[in-house]
Amino acid sequence: MTRTLTKQSFFARPATTVAPELLGWTLVHDTPEGKTSGIIVETEAYMGADDAASHAFRGPTPRTQVMFGPAGYAYIYFTYGMHYCINVVTGKAGGASAVLIRALEPVEGIELMHARRGIENLTQLTSGPGKLTQALALNKAQNGHDFLTPPLQLLPSTKPVKFEISPRIGIRHAADKPWRFYIKDSPYVSRRSAKN
DNA sequence: GTCAAGATTAGT
DNA sequence: CTAATCTTGACG
């Protein structure tokens with residue numbers, strides 16, 4: 001087996017396969033204000049039309065359009081009247097599967113992230129899907145952006161990671177599916193997932 | 001047009 | 001446990 005898995009083919013696999021492998025990767029966002037980045041420590045897989053918990057379950061809508069496109073793009077949505085969440089589209093085009101990035105370990109631009117979040121606590125800076133988008137200044141403007149080019153990128157992991165599996169957080173349907181993955185012992189996983 | 005629910009978070 | 005806050009999508 002000599003073929004290398006390119007970034008593009010990496011994403012074009014089932015969300016349940018990509019989600020755990022994304023742990024340890026780095027999410028970077030460059031803005032005029034400065035660069036912010038973090039290591040992915042928590043993810044969840046959403047399996048499109050076959051997954052009752054997915055936004056794509058009832059077919060394509062204007063909001064979920066990018067999930068039905070090719071893999072490697074950002075699906076960012078607004079919810080609860082105050083939060084954005086970011087996903088990586090995975091699988092083959094039309095499948096509408098995606099991986100929700102739920103928590104990061106802060107790396108670059110920590111001061112900027114503190115300012116954007118208005119808090120001092122480092123472990124709570126990016127420990128949740130709504131928190132990390134605020135810290136990296138992600139919103140609707142980045143919806144549909146491909147992760148292979150600046151200013152929003154996903155950089156491969158440099159070392160293997162030890163992770164655990166659990167049911168997904170905050171969903172009503174398909175709550176039994178073990179499709180949440182997180183780095184064992186990381187103090188940066190989301191609070192609700194941690195144990196609450 | 002109307003309405004309920006939501007892949008969340010912070011605070012009591 | 002609940003309030004905050006508002007977009008989306010289903011219904012008609």
Side-chain angles (χ1 to χ4, degrees), chain A residues 11 14-20 22-23 27 38 40-69 71 73-91 95-106 113-145 147 154 163-183 187-196:
Chain A
F11 297 123
T16 44
T17 300
V18 179
L22 227 30
L23 295 174
L27 177 64
I40 298 173
V41 298
E42 182 180 345
T43 60
E44 279 181 2
Y46 284 86
M47 301 298 278
D50 302 321
D51 182 359
S54 172
H55 290 170
F57 186 57
R58 296 173 194 290
T61 65
R63 178 178 64 154
T64 62
Q65 181 192 348
V66 356
M67 266 201 289
F68 286 82
Y73 288 79
Y75 164 49
I76 300 178
Y77 65 88
F78 184 68
T79 190
Y80 289 107
M82 54 181 92
H83 300 295
Y84 287 99
C85 292
I86 183 170
N87 294 249
V88 183
V89 177
T90 58
S97 69
V99 173
L100 169 68
I101 298 176
R102 286 190 59 87
L104 303 175
E105 173 181 331
M113 292 196 270
H114 274 302
R116 285 171 174 162
R117 297 263 298 112
I119 64 169
E120 295 299 313
N121 192 319
L122 178 64
T123 60
Q124 287 182 37
L125 213 44
T126 52
S127 57
K131 296 177 181 180
L132 72 90
T133 53
Q134 181 182 21
L136 301 210
L138 298 170
N139 55 64
K140 246 178 177 165
Q142 284 80 45
N143 186 41
H145 180 87
F147 284 109
L154 234 23
F163 69 90
E164 298 192 324
I165 303 174
S166 84
R168 294 173 293 182
I169 306 298
I171 54 172
R172 313 170 54 114
H173 303 288
D176 58 312
K177 307 289 187 188
W179 291 344
R180 166 171 169 266
F181 310 87
Y182 58 99
I183 292 185
Y188 302 101
V189 297
S190 67
R191 180 187 159 200
R192 291 180 69 192
S193 28
K195 187 37 192 171
N196 278 322

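So you know, we letter chains A, B, ... as the sequences are listed, proteins then strands, and number each from 1.
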> Taking OH from A:Y84 and P from C:dC6, how many angstroms apart are they, rounded to a whole number?
11 Å

> If you look at every strand shown and take non-hydrogen atoms under 4.0 Å, does A:L100 touch a base, only sugar-phosphate, or nothing?
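Here A:L100 touches the bases of the nucleic acid.
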
> Distance under 4.0 Å to a non-hydrogen atom of chain A counts as contact; along DNA chain B, which nucleotides mark the start and end?
B:dG6 to B:dA10

> Is there a donor-acceptor contact under 3.5 Å from the side chain of A:E44 to the main chain of A:I169?
yes

> So which one's nearest nucleotide on DNA chain B is more toward 5', A:H55 or A:Q134?
A:H55

> Between atom CD in A:Q65 and atom C1' in C:dG9, what is the gap in whole Å?
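A:Q65 atom CD is separated from C:dG9 atom C1' by 15 Å.
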
> So which one's nearest nucleotide on DNA chain C is more toward 5', A:G59 or A:M82?
A:M82

> Which heavy atom of A:V189 sits nearest to which heavy atom of A:A103, and what is that distance?
CA-CB, 4.0 Å

> Do A:Y46 and A:R168 have side chains that get closer than 4.5 Å, going by heavy atoms?
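SC-SC contact between A:Y46 and A:R168 confirmed.
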
> For the residue pair A:T133 and A:I76, establish whether any side-chain heavy-atom pair is separated by less than 4.5 Å.
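Side chain of A:T133 against side chain of A:I76, heavy atoms only: no contact under 4.5 Å found.
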
> Describe the nucleic acid contact of A:G81 in one word from base, sugar-phosphate, nothing, applying a heavy-atom distance below 4.0 Å.
base

> Please tabulate, one pair per line, all N/O donor-acceptor pairs under 3.5 Å involving side-chain atoms of residues 119-130 of chain A, not counting sequence neighbours.
{"unit_1": "A:N121", "atom_1": "OD1", "unit_2": "A:T123", "atom_2": "N", "d": "2.9"}
{"unit_1": "A:N121", "atom_1": "OD1", "unit_2": "A:T123", "atom_2": "OG1", "d": "2.8"}
{"unit_1": "A:N121", "atom_1": "OD1", "unit_2": "A:Q124", "atom_2": "N", "d": "3.4"}
{"unit_1": "A:T126", "atom_1": "OG1", "unit_2": "A:L104", "atom_2": "O", "d": "2.6"}
{"unit_1": "A:S127", "atom_1": "OG", "unit_2": "A:T123", "atom_2": "O", "d": "3.0"}
{"unit_1": "A:S127", "atom_1": "OG", "unit_2": "A:K131", "atom_2": "NZ", "d": "3.3"}

> Determine the Euclidean distance between corresponding P atoms of C:dT5 and B:dT2; express it in Å to zero decimal places.
23 Å

> Does some side-chain heavy atom of A:I40 sit less than 4.5 Å from a side-chain heavy atom of A:L154?
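They are in contact (side-chain heavy atoms under 4.5 Å apart), so the answer is yes.
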
> Within a strict 4.5 Å, meaning less than it, do heavy atoms of the A:H55 and A:Y75 side chains meet?
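Contact flag for A:H55/A:Y75 side chains = yes.
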
> Verify side chain to side chain donor-acceptor pair (under 3.5 Å) between A:R116 and A:Q134, making sure each step is shown before the conclusion.
CA-CA 7 Å; A:R116 285 171 174 162; A:Q134 181 182 21; over 6 Å; no

> Have a look at A:F78 and say if it touches a base, only the backbone sugar-phosphate, or nothing, with a 4.0 Å heavy-atom cut-off.
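Sugar-phosphate only.
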
> Which helical stems does DNA chain B take part in, if a stem means at least 3 consecutive Watson-Crick or G-U pairs with both distances below 3.5 Å?
B:1-6 with C:6-11, B:8-11 with C:1-4

> Less than 4.5 Å apart, side chain to side chain, heavy atoms only: is that true for A:F57 and A:M47?
no

> Taking only N and O in the side chain of A:K140, is any of them less than 4.0 Å away from OP1 or OP2 of C:dT8?
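So the side-chain polar atoms of A:K140 do come within 4.0 Å of the phosphate oxygens OP1 or OP2 of C:dT8, strictly under.
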
